[in-house]
There are 2 protein chains.
Amino acid sequence: MLMQQDLHLADRRNAILRLLRGSVVRRQEDLVGLLHQQGFDVTQSSVSRDMRELGVIKAQGRYLPPGAELSPVQGDFGAVARFVRAVLPSGPSITVVKTSAGAAGTVAAVLDKADWPEVVGTISGDDTIFIATQDQAAQQRLIIRLQSSFRIQAA
Amino acid sequence: MLMQQDLHLADRRNAILRLLRGSVVRRQEDLVGLLHQQGFDVTQSSVSRDMRELGVIKAQGRYLPPGAELSPVQGDFGAVARFVRAVLPSGPSITVVKTSAGAAGTVAAVLDKADWPEVVGTISGDDTIFIATQDQAAQQRLIIRLQSSFRIQAA
DNA sequence: GGTCTTGTTGCATAAGCATGCAAGGATAGT
DNA sequence: ACTATCCTTGCATGCTTATGCAACAAGACC
């Protein structure tokens, strides 16, 4: 039961994983195009089925191979989450993160590294971080992200 | 610019994250239903936008909150990947994994822990693992998984 | 060489998701 | 209070993805 067709299939699926690692694939049709360039004559139907079999995930509008984690920062967040005590808005553009004593710097470093689009800048003291956002919309998104990242109970 | 409406929004997004952690959500409409049960009157449009803002990921046919990792085994695989030298089929149901000397046991332990559906059983020597699958289809899926998990170049 | 079984494929289309747009709520400034 | 501005929302709809189905390929068995 394994022959040319099946090799074709296995090869194609490997090619898909390679492509997903190397390129930004937003639609299955994109993948159809890339596969054609590599000599695979295939339609969106099969790509869709391949995706399911391979366990490909879709995040942030793009497809990623299984195991690839989008936010390499995620682990870091987990590591510092236990130091985070509260997330509070202060006015429309400043968000205050309270941490356990002495941990602010560490937590802030993780936040900086995350490089979130809504963050304009941060400064940190001993147990407090101020995060500046451009406006209230950004602040709102930020707060949601912080709560999610640190698994904080909503107010 | 922040009032009832916006609280509604923030609450709803928190509710979404909670629901995604607690239930299996396959379609955005499912979420609309669950949110209705909790008093949120919202349409699929907004849920779609919420998903994007929250960075929700879709994997294996269901939605997951950002940060939730589907394969908790991933770290383990990464740790032993460097010991894996080759993955080779042997007939239609046995797959042989070659590892560096002495590492077979360690790698096999990770594979066993992963508990993949296509694996019927494994035995390991010093630098070789035999993996039994039910049939060739399972073997094929297994090989793809192994190559993906261990980042092995396809033949 | 038939015939049966198993698996893959494309097509057509259903199902599901994203989004332009206009409406409406809320605030800030005048 | 009026106006301008900023957000959020639903609707309608276009875009993207999943799938029932029939066709076909390959091996197993007679």
Side-chain angles (χ1 to χ4, degrees), chain A residues 1-13 15-16 20 24-33 35-36 40-64 89 91-93 118 133-144, chain B residues 1-16 20 24-33 35-36 40-64 91-93 118 133-144:
Chain A
M1 313 161 179
L2 177 84
M3 274 300 298
Q4 292 169 325
Q5 290 249 340
D6 293 314
L7 285 177
H8 185 217
L9 179 148
D11 284 349
R12 186 182 69 230
R13 289 186 179 173
I16 287 175
L20 290 181
V24 174
V25 177
R26 302 197 171 284
R27 298 172 307 158
Q28 297 182 354
E29 286 292 353
D30 295 346
L31 213 38
V32 172
L35 287 168
H36 274 181
F40 293 98
D41 188 14
V42 77
T43 62
Q44 176 264 327
S45 303
S46 294
V47 169
S48 170
R49 290 184 267 246
D50 289 342
M51 300 292 224
R52 184 182 50 204
E53 291 302 315
L54 291 169
V56 166
I57 72 181
K58 189 174 192 181
Q60 301 171 349
R62 58 171 293 196
Y63 289 99
L64 295 169
S93 64
E118 43 271 337
T133 47
Q134 187 163 34
D135 54 28
Q136 196 152 31
Q139 183 192 45
Q140 191 173 277
R141 287 194 293 274
L142 172 67
I143 290 175
I144 288 171
Chain B
M1 309 163 182
L2 177 84
M3 274 302 297
Q4 293 168 322
Q5 289 249 340
D6 293 317
L7 284 178
H8 185 216
L9 179 147
D11 283 349
R12 187 183 67 229
R13 290 185 178 173
N14 277 310
I16 287 176
L20 290 181
V24 173
V25 178
R26 302 196 171 282
R27 297 172 307 158
Q28 296 183 354
E29 286 293 352
D30 295 345
L31 214 36
V32 171
L35 286 167
H36 273 182
F40 294 98
D41 189 13
V42 76
T43 62
Q44 175 263 327
S45 304
S46 294
V47 169
S48 170
R49 290 183 268 247
D50 289 342
M51 300 291 223
R52 184 182 50 207
E53 293 302 317
L54 291 169
V56 166
I57 72 181
K58 190 172 190 181
Q60 301 170 349
R62 58 171 293 194
Y63 289 100
L64 295 170
S93 65
E118 44 271 336
T133 48
Q134 187 162 33
D135 54 27
Q136 197 152 30
Q139 183 192 46
Q140 190 175 279
R141 288 194 292 275
L142 171 68
I143 289 175
I144 288 172

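In what follows, every heavy atom counts, from backbone to side chain, and hydrogens, waters and symmetry copies are set aside. Here is the naming used below: chain letters follow the sequence lines, and residue numbers restart at 1 for every chain.
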Measure the distance from [atom1] on [X] to [atom2] on [N] and round it to the nearest whole Å.
{"X": "A:Phe40", "N": "C:dT9", "atom1": "CZ", "atom2": "C1'", "value": "15 Å"}
{"X": "B:His36", "N": "D:dT9", "atom1": "NE2", "atom2": "P", "value": "12 Å"}
{"X": "B:Asp50", "N": "D:dT9", "atom1": "CG", "atom2": "C1'", "value": "11 Å"}
{"X": "B:Arg62", "N": "C:dG16", "atom1": "CZ", "atom2": "P", "value": "17 Å"}
{"X": "B:Leu54", "N": "D:dT8", "atom1": "CG", "atom2": "P", "value": "12 Å"}

Query raised in the report: For every nucleotide of nucleotides 17-23 of chain D, 5' to 3': is a protein heavy atom under 4.0 Å from its base (B), only from its sugar-phosphate (S), or from neither (-)?
Result: BBBB---
When rounded to the nearest 0.5 angstrom, what is the spacing between [atom1] in [X] and [atom2] in [Y]?
{"X": "B:Tyr63", "Y": "A:Lys58", "atom1": "OH", "atom2": "NZ", "answer": "8.5 Å"}
{"X": "B:Met51", "Y": "B:Ile57", "atom1": "CE", "atom2": "CD1", "answer": "11.5 Å"}
{"X": "B:Arg62", "Y": "B:Gln60", "atom1": "CZ", "atom2": "CD", "answer": "8.5 Å"}
{"X": "B:Leu35", "Y": "B:Ile16", "atom1": "CG", "atom2": "CD1", "answer": "5.0 Å"}

Query raised in the report: Can you find a side chain N or O atom of A:Arg12 that sits less than 4.0 Å from OP1 or OP2 on C:dT9?
Result: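 Yes, A:Arg12 has a side-chain N/O under 4.0 Å of OP1/OP2 on C:dT9.
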Report task. May I ask you to test the A:Val42-A:Val47 pair for a side-chain heavy-atom distance under 4.5 Å? Result ->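 Sidechains of A:Val47 and A:Val42: in contact.
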Query raised in the report: Reckon B:Asp41 touches a base, only the sugar-phosphate, or nothing at all at heavy-atom distances under 4.0 Å?
Result: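 Answer is sugar-phosphate: B:Asp41 comes under 4.0 Å of backbone atoms only.
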Query raised in the report: A:Gln44: what forms a side chain to side chain donor-acceptor pair (under 3.5 Å) with it, not counting sequence neighbours?
Result: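 Scan of A:Gln44 (side chain to side chain donor-acceptor pair (under 3.5 Å), adjacent residues dropped) gives A:Gln28.
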